[in-house]
Amino acid sequence: MQTLTLANIYELQGLKEEALDIYKAVLKKDPNNSDAKIAIRRLSGMRRKFLNVNQEMKDYFLKMENEVEFNEFERWLLKAWN
């Protein structure tokens, strides 16, 4: 069942895409739902901020397990910003 409560739980767990899908479904059923409208704007804005993110390096960052990987990521960041 797609509800605002479930979408909110997903959002709090970091499952932003899943939450956004539910908010859109709620809004489709109830076009006047202001909570769903606000949530969609909030989550869509977050997506736009990171539109050009390097997905491969984002995944690498999220899975880093040791100092060697951290140092490699840090070198990549320094190269990317120069």
Side-chain angles (χ1 to χ4, degrees):
M1 181 174 229
Q2 295 181 324
T3 65
L4 289 174
T5 302
L6 181 59
N8 193 15
I9 290 169
Y10 280 168
E11 191 174 350
L12 291 171
Q13 291 177 336
L15 302 170
K16 308 297 184 187
E17 292 297 324
E18 291 84 346
L20 186 57
D21 290 342
I22 292 174
Y23 287 128
K24 287 178 180 179
V26 167
L27 192 60
K28 190 173 184 177
K29 290 178 188 172
D30 178 10
N32 296 318
N33 190 309
S34 61
D35 291 331
K37 287 179 185 179
I38 291 168
I40 289 168
R41 272 188 245 130
R42 180 180 62 249
L43 291 175
S44 294
M46 288 176 62
R47 187 187 305 158
R48 275 193 296 270
K49 280 185 197 174
F50 300 104
L51 190 60
N52 295 322
V53 71
N54 181 321
Q55 189 64 43
E56 181 182 348
M57 289 311 286
K58 176 186 169 191
D59 293 341
Y60 183 84
F61 174 76
L62 293 173
K63 295 174 185 174
M64 289 188 307
E65 294 181 354
N66 57 49
E67 191 172 346
V68 172
E69 291 174 339
F70 176 82
N71 289 335
E72 183 177 329
F73 183 77
E74 185 177 40
R75 281 191 297 277
W76 175 82
L77 274 178
L78 291 170
K79 236 191 259 185
W81 286 97
N82 287 324

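Computed from a predicted model, the values in this text were never measured in an experiment. Position 1 is the first residue of the sequence, and the numbers go up from there.
Summarising the local packing, CZ of F70 is surrounded by 12 or fewer heavy atoms from other residues, nucleotides or ligands at distances under 6.0 Å. Shown here is K28, whose NZ atom has no more than 12 heavy atoms of other residues, nucleotides or ligands within 6.0 Å.
Considering only residues two or more places apart in sequence or on other chains, N66 meets the side-chain hydrogen bond (donor to acceptor under 3.5 Å, both in side chains) condition with none of them. Residues meeting the side chain to side chain contact (heavy atoms under 4.5 Å, CB included) test with Q2, sequence neighbours left out: I22, A25. Partners of S34 under the side chain to side chain contact (heavy atoms under 4.5 Å, CB included) rule, at least two apart in sequence or in another chain, do not exist in this structure. Listed by chain and residue number, F61, W76 satisfy the ring-ring contact (aromatic ring centres under 6.0 Å, His included) test with F73 (two or more places apart in sequence, or in another chain). Annotation: side chain to side chain contact (heavy atoms under 4.5 Å, CB included) contacts of A36 (sequence neighbours excluded): L4, V26, L27, N33. For Q13, the side chain to side chain contact (heavy atoms under 4.5 Å, CB included) criterion is met by I9, Y10, L15, not counting sequence neighbours.
Side chain of E72 to main chain of V68: no donor-acceptor pair is present (N/O by atom type, distance under 3.5 Å, no hydrogens or angles).
Under the 4.0 Å criterion applied to side-chain N and carboxylate O atoms, R42 and E11 are assigned as salt-bridge partners.
Transitive grouping of hydrophobic side chains (ILVMFWY, heavy atoms separated by less than 4.5 Å) keeps L6 and L12 in distinct clusters. Residues L77 and M57 share a hydrophobic cluster, clusters being chains of Ile/Leu/Val/Met/Phe/Trp/Tyr side chains in contact below 4.5 Å.
Separating the NZ atom in K29 from the OG1 atom in T3 is a distance of 9.0 Å, to the nearest 0.5 Å. Expressed to the nearest 0.5 Å, how far NZ of K16 lies from CG of D21 amounts to 13.5 Å. Taking NZ from K24 and NZ from K37, the interatomic distance works out to 15.0 Å, rounded to the nearest 0.5 Å.
A7 approaches A19 most closely through the heavy-atom pair O-CB, 3.3 Å.
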